[in-house]
Amino acid sequence: MITKLLLILFTSIFIENYVFTKFYGICPFIATTKKASSALGMGLAVAVVMTLSGAVTWALYRFVLVPYDLIYLKTIAFLLVIGFFVQLLELVLKAYLPSLCEELGIYLPLIATNCAVLGTCLTNVAGFKSTFDHFATAVVYSFGSSLGLLLAMLLFAAVRSRLKEDMIPKAFRGLPIALISAGLCALAFAGFSRLSF
Amino acid sequence: MKKLWSVFKTAAVERNAVFVQFLGICPALAVATTAKNGIFLGIAVTVVLLFSGLVVSLLRKLIPSPIRIVSYLVILSSFVTVLGLLTEAYLPAVQTSLGMFFPLIVVNCLILGRAEAFASQNSPLPSLADGLGTGVGFTLVLTVVGAIRELLGSGTLLGGTAWEWKIPAFQPISVFLLPAGALFVLGFLAAGVNALQSHLEEKGRRKEKKG
């Protein structure tokens with residue numbers, strides 16, 4: 001069991017990295033990685049929401065949606081759970097870490113609409129009968145995916161902070177060079193994809 | 001009527017979803033591996049944008065401000081669930097090619113963003129125009145990206161449809177089918193758009209100086 005959990009953790013961070021392999025967390029990825037501090041803050045915020053939502057939605061699926069034959073409601077139900085946690089996070093941050101709240105700005109409520117979070121929840125239940133047959137697997141996968149996202153964001157923030165603006169042709173400054181650099185990072189991560197368990 | 005057209009045009013071009021607002025990049029990159037996928041996802045997003053824009057606009061005076069994000073999410077997810085069930089029944093091929101990204105249309109920052117920024121503050125008809133414009137702009141970008149990736153990555157265009165066209169004697173560069181390739185294509189396209197924009201601005205400025 002422990003081995004399985006460790007494998008899931010490793011897979012979710014490197015082999016199926018949320019940003020570079022599966023493409024889920026791109027919005028906050030590009031938006032908040034101009035500075036390492038906002039990348040870290042955003043990554044941790046998403047990690048909290050993702051882990052909690054992943055756990056709760058799995059339980060919801062297992063104990064409510066499946067037994068009562070309400071699987072088609074999963075999108076709506078999961079979104080409500082995610083929205084709830086994001087709102088909660090916003091309240092907690094406003095009270096204890098207002099500077100982080102300000103730094104993340106509009107992207108904090110947008111965590112609720114983040115493909116990464118909903119993607120995790122949906123992946124958890126998609127593999128319901130096979131890999132994710134136990135609560136612990138869902139928690140570990142959600143946590144691992146968020147770590148992968150955080151890792152990707154920190155790496156990318158480091159790259160972006162070293163791109164000297166004046167050496168880049170005018171048309172490429174800003175978004176284009178960010179996308180191309182992200183592409184190079186993604187290529188590097190593609191090396192991991194040959195490992196499979 | 002003229003106002004509607006200008007709303008449509010602004011949403012499609014000047015405030016283009018992908019290049020100007022940077023919204024909706026997730027599905028743009030993941031799904032657009034072929035022109036066909038690009039078109040399908042673009043159309044799906046446009047449909048959801050239209051309906052949700054309409055509903056949000058009609059209900060805008062009734063939804064209290066603190067819970068508006070949650071209400072938008074509920075409205076959106078209902079539409080996407082319905083659309084998903086319909087697609088599964090009548091167009092299963094589309095469902096499989098879009099895969100996991102179909103339900104993720106709901107959380108597409110694009111749709112929520114438009115609902116929040118436009119539909120919640122404007123009457124139904126302009127909201128429809130805006131939704132259509134945003135969707136069309138988005139579909140165009142997706143189709144172009146998909147077409148480029150398909151041409152370079154598998155050497156075909158509109159593969160899997162009746163209009164398939166193969167580049168003769170071409171060794172495809174498969175990196176373009178990977179996420180890395182998507183990021184490259186989008187990066188170069190964005191640079192191209194930037195260059196075009198600054199060129200047009202230059203022309204505009206020169207015209208102004210002369211006149």
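Below, read A as the first sequence line, B as the second, and so on, with proteins coming before strands; counting in each chain starts at 1.
Few gaps surround CZ on F189(A); more than 12 heavy atoms of other groups in view lie less than 6.0 Å from it. Counted within 6.0 Å of CZ on F63(A), heavy atoms from surrounding residues, nucleotides or ligands total more than 12; the atom is thus considered enclosed. Few gaps surround CZ on F85(A); more than 12 heavy atoms of other groups in view lie less than 6.0 Å from it.
Residues L183(B) and A186(A) approach most closely at CD1-CB, 4.1 Å, considering heavy atoms. Contact detail for F184(B) and I180(A): the closest heavy-atom pair is CE2-O, 3.3 Å. Here the closest non-hydrogen pair linking G187(B) and P176(A) is O-CB, 3.3 Å.
With a threshold of 4.5 angstrom between heavy atoms, L184(A) approaches chain B through its backbone and through its side chain. Interface remark: S78(B) contributes backbone and side-chain atoms alike to the contact with chain A (heavy atom separation under 4.5 Å).
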